[in-house]
Undergrad: 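Sharing a structure with you now.
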Number of protein chains: 2
Amino acid sequence: MRPQEQQPAVSADQTDLGEAASKLRALSGQLTRRLRAASEGDGVTMSQAAVLSRLNRQGPATTVELARAERVRPQSMGATLSALEEAGLVQRSPHPSDRRQMIMSLTEQGHRKIAEGRRIKESWIVQALRDQLDDRERAVVIEAIELLGRLTEDN
Amino acid sequence: MRPQEQQPAVSADQTDLGEAASKLRALSGQLTRRLRAASEGDGVTMSQAAVLSRLNRQGPATTVELARAERVRPQSMGATLSALEEAGLVQRSPHPSDRRQMIMSLTEQGHRKIAEGRRIKESWIVQALRDQLDDRERAVVIEAIELLGRLTEDN
DNA sequence: TATTGTTATACTCTATAACTATA
DNA sequence: TATAGTTATAGAGTATAACAATA
């Protein structure tokens with residue numbers, strides 16, 4: 001916890017951007033490991049959770065659509081979906097007009113898993129955000145998550 | 001690009017924190033894939049780059065020290081270090097007083113790889129930060145990277 | 001021909017378990 | 001006994017290549 005610092009954080013010239021990118025890469029690896037460790041034991045991996053969450057947000061979708069949205073190859077998404085199907089969390093139904101395609105959707109159990117995950121997961125980061133940041137810092141982090149999310153969605 | 005919004009971003013109550021954590025997890029996966037894709041072809045993986053960067057910042061260190069710092073098991077760090085050694089980017093020297101330990105340090109080639117990486121890598125994220133965010137948003141993201149870095153280092 | 005999806009194969013990252021050498 | 005490191009093995013995530021079915 002720190003005293004409130006109301007000055008503008010940093011001047012964002014080119015050097016800072018390279019520096020920021022470098023730190024972001026390191027941060028990305030650290031976060032991945034910490035979050036994975038925090039959410040292990042709930043039976044779904046992070047990739048699987050991302051797909052469940054997306055199906056929940058956006059409704060049923062095909063393998064190729066999900067692969068594009070998550071920016072992985074259809075083969076990789078196929079593997080993730082197979083695991084989810086085997087776990088009974090998603091189901092595939094035939095596409096009404098195109099027999100090549102399969103529509104993936106959440107099962108009842110999949111919906112329950114998402115609700116459960118909302119409650120249990122990410123406890124490490126929630127506590128860290130609450131206990132180690134002051135109000136202003138928390139607002140900065142929350143907004144940055146939105147902004148970075150926008151950058152990874154666009155292109 | 002957006003008009004400047006000077007209002008405080010969000011009030012950070014418990015619900016927001018869970019929401020933020022959930023988004024952060026999704027973001028983490030997306031960033032990992034994007035950054036890996038952006039830096040592939042330079043011959044070092046993200047884990048290897050993290051170790052090179054740390055050795056460059058903090059100087060020579062043992063396997064166990066590096067494992068603790070990066071929050072991986074010594075076995076995992078050992079594998080990363082073996083790959084880096086085989087690539088000629090780090091070297092191991094005996095610890096002066098404890099013959100169990102090995103001191104890892106950057107080779108000349110390792111230093112060059114880091115300098116090269118600074119120039120080439122992360123171009124996607126640098127461009128995105130520069131082109132898709134305004135000054136205030138950039139400052140928010142840069143500060144949040146620092147804050148989140150602090151959270152993953154502590155604990 | 002192009003698209004959707006699958007199967008086969010391989011590499012990276014990480015983990016656990018069991019071991020050796022040294023302290 | 002405890003610590004530093006290695007070897008063996010396994011699972012998740014991802015990729016490329018080759019293929020079948022369908023459009």
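Side chains are part of it too, since the values below use all heavy atoms of this structure and drop only hydrogens, waters and symmetry mates. Remember, it's a predicted structure, so these values are computed and weren't measured experimentally.
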Undergrad: Describe the nucleic acid contact of T62(B) in one word from base, sugar-phosphate, nothing, applying a heavy-atom distance below 4.0 Å.
TA: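 Result for T62(B) = sugar-phosphate.
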Undergrad: What's the closest nucleotide to the Q48(B) side chain, out of dC13(C), dT14(C), dG13(D)?
TA: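 For the Q48(B) side chain, the nearest candidate turns out to be dC13(C).
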Undergrad: In whole Å, what is the span from the CE atom of M46(B) to the P atom of dA15(D)?
TA: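 After rounding, the gap between these two atoms is 14 Å.
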Undergrad: How is T32(A) classified with respect to the nucleic acid when contacts are heavy atoms under 4.0 Å: base, sugar-phosphate, or nothing?
TA: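 No contact at all - T32(A) keeps every heavy atom at 4.0 Å or more from the nucleic acid.
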Undergrad: Would you kindly give the CG-to-P distance between D98(A) and dT3(C), to the nearest whole Å?
TA: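 Rounded to the whole Å, the gap is 12 Å.
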Undergrad: Do the side-chain N or O atoms of T45(B) get closer than 4.0 angstrom to the phosphate oxygens (OP1, OP2) of dC13(C)?
TA: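 So the side chain of T45(B) is within the cut-off, an N or O lying under 4.0 Å from OP1 or OP2 of dC13(C).
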Undergrad: Counting only side-chain nitrogens and oxygens, does S47(B) get under 4.0 Å of the OP1 or OP2 atom of dT14(C)?
TA: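 Checking S47(B) against dT14(C): at least one side-chain N or O falls below 4.0 Å of OP1 or OP2.
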Undergrad: Can you check whether R73(A) has a side-chain N or O nearer than 4.0 Å to OP1 or OP2 of dT16(D)?
TA: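 Yes, because at least one side-chain N or O of R73(A) sits under 4.0 Å from OP1 or OP2 of dT16(D).
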Undergrad: Given atom CG of D42(B) and atom C1' of dT12(C), what is their separation to the nearest angstrom?
TA: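 Whole-Å distance recorded here is 14 Å.
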Undergrad: Please report, rounded to the nearest Å, how far the P atom of dA23(D) is from the CZ atom of R99(A).
TA: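 So the CZ-P distance, R99(A) to dA23(D), works out to 5 Å.
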Undergrad: Within the structure provided, determine whether M102(A) and H95(A) are in side-chain contact (heavy-atom separation under 4.5 Å).
TA: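 SC-SC contact between M102(A) and H95(A) ruled out.
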Undergrad: Heavy-atom nearest nucleotide on DNA chain C for R33(A) versus T63(A): which residue maps closer to 5'?
TA: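 The 5'-side residue here is T63(A).
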Undergrad: For dA12(D), take OP1 and OP2 only and decide whether either is under 4.0 Å from a side-chain N or O of R36(A).
TA: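 R36(A) to dA12(D) OP1/OP2: no side-chain N or O under 4.0 Å.
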Undergrad: Are E65(B) and R54(B) ion-paired here, with the side-chain N under 4.0 Å from a carboxylate O?
TA: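 Looking at E65(B) and R54(B), the cut-off is not met.
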Undergrad: Salt bridge check: are K113(A) and E108(A) linked by an N-O gap of less than 4.0 Å?
TA: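 No, this pair does not count.
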Undergrad: Could you check which of dT6(C), dC13(C), dG5(C) has an atom nearest any side-chain atom of Q101(A)?
TA: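 Given the options dT6(C), dC13(C), dG5(C), the side chain of Q101(A) is closest to dG5(C).
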Undergrad: Tell me the interatomic distance from E70(A), atom CD, to dA12(D), atom P, rounded to whole angstroms.
TA: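 It is 18 Å, rounded to the nearest whole Å.
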Undergrad: If you find the nucleotide of DNA chain C closest to S76(B) and the one closest to S82(A), which residue's nucleotide is nearer the 5' end?
TA: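 Taking each residue's closest nucleotide, the earlier one in sequence belongs to S82(A).
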Undergrad: Given atom CG of L81(A) and atom C1' of dT6(C), what is their separation to the nearest angstrom?
TA: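 Checked: the CG to C1' distance equals 12 Å.
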Undergrad: What is the separation between atom CG on L35(B) and atom P on dT12(C), rounded to the nearest whole Å?
TA: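 Going from L35(B) (CG) to dT12(C) (P), I get 19 Å.
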Undergrad: Counting side-chain heavy atoms from C-beta on, which of dT14(D), dA18(D), dT14(C) comes nearest to Q75(A)?
TA: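 Looking only at side-chain atoms, Q75(A) lies closest to dA18(D).
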Undergrad: In this structure, how many angstroms lie between the P atom of dG11(D) and the CD atom of E86(A), rounded?
TA: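 One finds 13 Å between P of dG11(D) and CD of E86(A), rounded.
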Undergrad: Base, sugar-phosphate alone, or nothing: which one does R92(B) contact when heavy atoms must sit under 4.0 Å apart?
TA: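 If one applies the 4.0 Å heavy-atom cut-off, R92(B) turns out to touch the sugar-phosphate alone, with no base involved.
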Undergrad: Nearest to the side chain of M102(A), heavy atoms from C-beta on, is which of dA23(C), dG5(C), dA15(D)?
TA: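 Per side-chain heavy atoms of M102(A), the pick is dG5(C).
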Undergrad: Please determine if R112(A) and E116(A) form a salt bridge, counting it only when a charged side-chain N lies under 4.0 Å from a carboxylate O.
TA: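 Not counted as a salt bridge, because no side-chain N and carboxylate O are separated by less than 4.0 Å.
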Undergrad: Considering heavy-atom distances to DNA chain D, does G78(B) or A79(A) have its closest nucleotide positioned more toward the 5' end?
TA: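 The residue whose closest nucleotide sits nearer the 5' end is G78(B).
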Undergrad: Ignoring hydrogens and angles, state whether a donor on the side chain of T32(A) or S28(B) is under 3.5 Å from an acceptor on the partner side chain.
TA: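 On atom types as modelled, these side chains qualify, holding a pair under 3.5 Å.
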Undergrad: Between Q30(A) and E70(B), does any side-chain donor sit less than 3.5 Å from a side-chain acceptor?
TA: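 Side-chain D/A pair, Q30(A) to E70(B): present.
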